[in-house]
Amino acid sequence: MTAGLVAAPSAVDDVARGRVRRAVRWRAVVTVLAVLVVLTYVLTLMVGRTFYPPGDVVRVVLGQDVPGASFTVGRLRLPRATLAVVAGLSFGLAGVTFQTMLRNPLASPDVIGISTGASAAAAVAIVLLGLGGTAVSVFAIVAGLVVAVLIYLLAYKDGGAGTRFILIGIGMAAMLHSVIAYVLSRASQWDYQEALRWLSGSLNGVTWDRTVPALVVLVVLGPVLLTQTRALEAIQLGDDTASALGVRVERTRLLAMVAAVGVLAFATAACGPIAFVAFLAGPIAARVVGPNGSLLLPAALVGALLVLVADLCGQFAFGTRFPVGVVTGVLGAPYLIYLIVRSNRVGGSL
């Protein structure tokens, strides 16, 4: 009995030390990712056909007039780089929210049809209705919200989580891809090019008018998602376990879904559906953070870093310039195949 009493404090100390180590690792990872995002953001403002030193970039950002740099950096590069960060944060945050909430790495908005709904609506607005600019963005935002609600309602049966939600979302995405293909087949050459530019996910020609709404929505809804971190972690253990821990499962799931779809829809409306960022950010963050750590903030930072780096590669790493969505698509598609093959080998279900 004495031995048991002696061993108990040691076990408690081990648990406490493990928590401290995980907390230190989480903070270190978040700090490193944040520094990398800031450095890549500054690099994006510096490089291009004309190179501007960091001092000129800082002066432009502070509102000072720098000949040449004020236009190139202030009006061209700054909105583009800012939207890259905002979109990456939004896609990463929304993607890991769905993956955590549905307990499946395939449960990404660009896999289960939400991003596809926004894309289909934009294609219809451009090709069939002849709209452009803000009207296309509004169509994309509304469609993303409607598709998410529709998938949730179709999947709802004593809770809308799990395989049913994912399979219905994949089926919805397939139907919406057919809509996109049909609309593009009827497009004129000009409309086809405009729709394809939007559908590929591009940061070309970005202005503050497109960047600010996505930034405002992220600032408003991002903290809402971050406040649900503990509840989402409990839901990962299963609905019954989460309920036993005092989590209102359906309320948490609905609130998280609405907030995630909101940031996703506005980011998609600003720059198009940048492929696989929402899908990749969560698994990459899980690898670097390790077990038992919140993934929402790390995944958001990974998403921002992915978009910034992919945009730089698309502009300067090849003989011609590619939209950012083309580069992320090349990265994401092989990982999707790997994930499906690995899931089959270990006996997991999709």
Side-chain angles (χ1 to χ4, degrees), residues 80 83-84 86-88 90-92 94-95 108-148 151 169-207 209-211 213-214 261 263-280 303 306-307 310-311 313-315 318 320-333 336:
R80 182 185 187 122
L83 182 56
V86 171
S90 300
F91 290 141
S108 171
D110 43 9
V111 174
I112 61 175
I114 297 173
S115 298
T116 314
S119 301
V124 169
I126 294 170
V127 175
L128 300 183
L129 302 180
L131 301 177
T134 304
V136 175
S137 299
V138 171
F139 263 74
I141 292 166
V142 173
L145 294 170
V146 170
V147 169
I151 295 172
I170 292 174
M172 186 72 70
M175 290 189 293
L176 291 168
H177 277 299
S178 298
V179 172
I180 294 172
Y182 170 74
V183 170
L184 292 180
S185 70
R186 299 189 55 184
S188 64
Q189 183 176 357
W190 173 258
D191 287 340
Y192 180 86
Q193 292 177 352
E194 179 66 17
L196 199 61
R197 184 192 65 81
W198 197 94
L199 291 171
S200 63
S202 175
L203 295 170
N204 296 333
V206 168
T207 61
D209 291 341
R210 290 165 56 185
T211 302
V261 172
V263 297
L264 175 81
F266 274 83
T268 303
C271 59
I274 300 177
F276 290 117
V277 174
F279 175 65
L280 289 172
L306 279 174
V307 176
D311 188 42
C313 292
Q315 291 185 75
F318 309 102
T320 185
R321 295 195 173 192
F322 292 102
V324 61
V326 173
V327 180
T328 57
V330 170
L331 296 174
L336 176 59

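When a residue number appears, it is its place in the shown sequence, counting from 1.
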Residue pair Gly272 / Phe91: nearest heavy atoms and the distance that separates them = O-CZ, 3.8 Å

Could you pull out the closest heavy-atom pair between Cys271 and Leu203, with the gap in Å?
-> CB-CD2, 3.8 Å

State the OG1-CH2 distance between Thr268 and Trp198, to the nearest 0.5 angstrom.
-> 6.0 Å

For Val146, all residues meeting side chain to side chain contact (heavy atoms under 4.5 Å, CB included), sequence neighbours excluded = Val142

List for me each residue that meets ring pair (Phe, Tyr, Trp, His ring centres under 6.0 Å) alongside Phe276, sequence neighbours excluded, and say none if there are none.
-> Phe279

Got a sec, which residues hit side chain to side chain donor-acceptor pair (under 3.5 Å) with Ser200, two or more places apart in sequence or on another chain?
-> none

Would you list the atom pairs, donor with acceptor, under 3.5 Å between side chains in residues 111-133 and any protein atom, with sequence neighbours excluded?
from	atom 1	to	atom 2	distance (Å)
Ser119	OG	Ser115	O	3.0

Closest heavy-atom contact between Ile151 and Gly169?
-> CD1-CA, 3.8 Å

Return a table of donor-acceptor pairs under 3.5 angstrom between the side chains of residues 172-186 and protein atoms on other chains or two or more places apart.
from	atom 1	to	atom 2	distance (Å)
Ser178	OG	Ala174	O	3.2
Tyr182	OH	Arg186	NH1	3.1
Ser185	OG	Tyr182	O	2.5

Under 3.5 Å, side-chain donor or acceptor atoms of residues 322-333 against the rest of the protein: list the pairs with distances, not counting sequence neighbours.
from	atom 1	to	atom 2	distance (Å)
Thr328	OG1	Ala275	O	2.7
Thr328	OG1	Val324	O	3.4
Thr328	OG1	Gly325	O	3.1

Contacts of type salt bridge (charged side-chain N to carboxylate O under 4.0 Å, His left out), residue Arg80, not counting sequence neighbours = Asp311

Can you list the residues that meet the side chain to side chain contact (heavy atoms under 4.5 Å, CB included) rule with Thr207, with sequence neighbours excluded?
-> Asp209, Arg210

Taken in chain and number order and not counting sequence neighbours, the residues that satisfy side chain to side chain donor-acceptor pair (under 3.5 Å) with Ser108 are Asp110

Where do Leu264 and Pro109 come nearest, in terms of heavy atoms and distance?
-> CD2-CB, 3.4 Å

